[in-house]
Participant: 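Submitted below is the structure of interest, expressed as structure tokens.
Naming convention: chains lettered A, B, ... in sequence-line order (proteins, then strands); numbering from 1 in each chain.
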Amino acid sequence: SAVISQKPSRDICQRGTSLTIQCQVDSQVTMMFWYRQQPGQSLTLIATANQGSEATYESGFVIDKFPISRPNLTFSTLTVSNLSPEDSSIYLCSASPPTGGTALKNGYTFGSGTRLTVV
Amino acid sequence: KNQVEQSPQSLIILEGKNCTLQCNYTVSPFSNLRWYKQDTGRGPVSLTIMTFSENTKSNGRYTATLDADTKQSSLHITASQLSDSASYICVVTYSNDYKLSFGAGTTVTVRA
């Protein structure tokens, strides 16, 4: 499985500012995913990022608030914009292997997470 | 409505004891079921992956079972260690879909 380096691991940000989270994968992957995990809850998918196309957002998440970049097959960023205390959460990226059939069998790899606190 | 339900929500066990976590799902059509371990402040790490044709899979002291007929899975931890303290998440995948359905997790605390 791929190894993902995610940074920053944590940050404290002021209201109204933005935070950009980066994920670097050690191999080429077709799809990358961004999740939010609020305290004590499970992971919620924000969007799916494919290289060369716009990200696909889940219901309740919009591009203006969570712009995503996917410039190549090994890298993606998520920006959380116009921060409010409600955005305090853990944000995680994930990657699937490059082949669709293999992706269903192999483990999806996760980054180590970014703990965001908005004050 | 969450299509993956886990129980218990949390449990405390003594070091060296065994425990079993449960996962029930309604995802259909079903492709595979994964168990992940998530340490506090870290990303989930895969423990086991099972397709519908597999009914047991082991990874060291972790053993997962799957009954695709009743749509139930369990994760058994043998001879627990302090390092087993974590959240354990059951994740189910639809056939022909890359999206994952996550359970809310079971928080396991192992005490000396």
Participant: When clusters are formed by joining ILVMFWY residues with side-chain heavy atoms under 4.5 Å apart, either directly or through shared neighbours, do A:Tyr91 and B:Val91 land in the same one?
Facilitator: no

Participant: Do B:Phe52 and B:Met50 share a hydrophobic cluster, counting only Ile, Leu, Val, Met, Phe, Trp and Tyr and linking them when any side-chain heavy atoms are less than 4.5 Å apart?
Facilitator: yes

Participant: What part of A:Leu43 gets closer than 4.5 Å to chain B, counting heavy atoms only: side chain, backbone, both or neither?
Facilitator: both

Participant: Count I, L, V, M, F, W, Y as connected when their side-chain heavy atoms are under 4.5 Å apart, and connections chain through other members. Are B:Leu66 and B:Leu21 then in the same cluster?
Facilitator: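 They do share one cluster, since a chain of ILVMFWY contacts under 4.5 Å joins B:Leu66 to B:Leu21.
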
Participant: Does A:Ser42 use its side chain to pair, donor to acceptor, with the backbone of B:Gly103 at less than 3.5 Å?
Facilitator: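 Flag set: sc A:Ser42 to bb B:Gly103 pair under 3.5 Å.
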
Participant: Is atom CZ of B:Arg61 surrounded by more than 12 heavy atoms (other residues, nucleotides or ligands) closer than 6.0 Å?
Facilitator: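 Atom CZ in B:Arg61 is packed in, count exceeds 12.
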
Participant: Roughly how far apart are A:Gln37 CD and B:Ser87 OG, rounded to 0.5 Å?
Facilitator: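 Answer for the CD-OG pair, A:Gln37 versus B:Ser87, is 7.0 Å.
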
Participant: Is there a side-chain contact between B:Leu100 and A:Tyr108 (heavy atoms, below 4.5 Å)?
Facilitator: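 Yes. Closest side-chain heavy atoms under 4.5 Å.
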
Participant: Can A:Met31 be reached from A:Ile68 by stepping across I, L, V, M, F, W or Y side chains whose heavy atoms are under 4.5 Å apart?
Facilitator: no

Participant: Please determine whether residues A:Ile90 and A:Leu116 belong to a single hydrophobic cluster, defined as Ile, Leu, Val, Met, Phe, Trp and Tyr linked transitively by side-chain heavy-atom distances below 4.5 Å.
Facilitator: no

Participant: Does atom OH of B:Tyr62 have more than 12 heavy-atom neighbours from other groups under 6.0 Å away?
Facilitator: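 Atom OH in B:Tyr62 is packed in, count exceeds 12.
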
Participant: How long is the span from the CG atom in A:Leu45 to the CZ atom in B:Phe102, to the nearest 0.5 Å?
Facilitator: 8.0 Å

Participant: Is it the backbone or the side chain of A:Gln6 that comes under 4.5 Å from a heavy atom of chain B, or both, or neither?
Facilitator: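 Neither part.
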
Participant: Report, in residue-number order, which members of residues 47-64 of chain A are under 4.5 Å from chain B by heavy-atom distance.
Facilitator: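 At a heavy-atom separation under 4.5 Å, chain B is reached by A:Thr48, A:Glu58.
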
Participant: Transitive ILVMFWY cluster of B:Ile12 at side-chain heavy atoms under 4.5 Å: who else is in it?
Facilitator: none

Participant: Which atoms of B:Gln38 come close to chain A, meaning under 4.5 Å heavy atom to heavy atom: side chain ones, backbone ones, both, or neither?
Facilitator: side chain

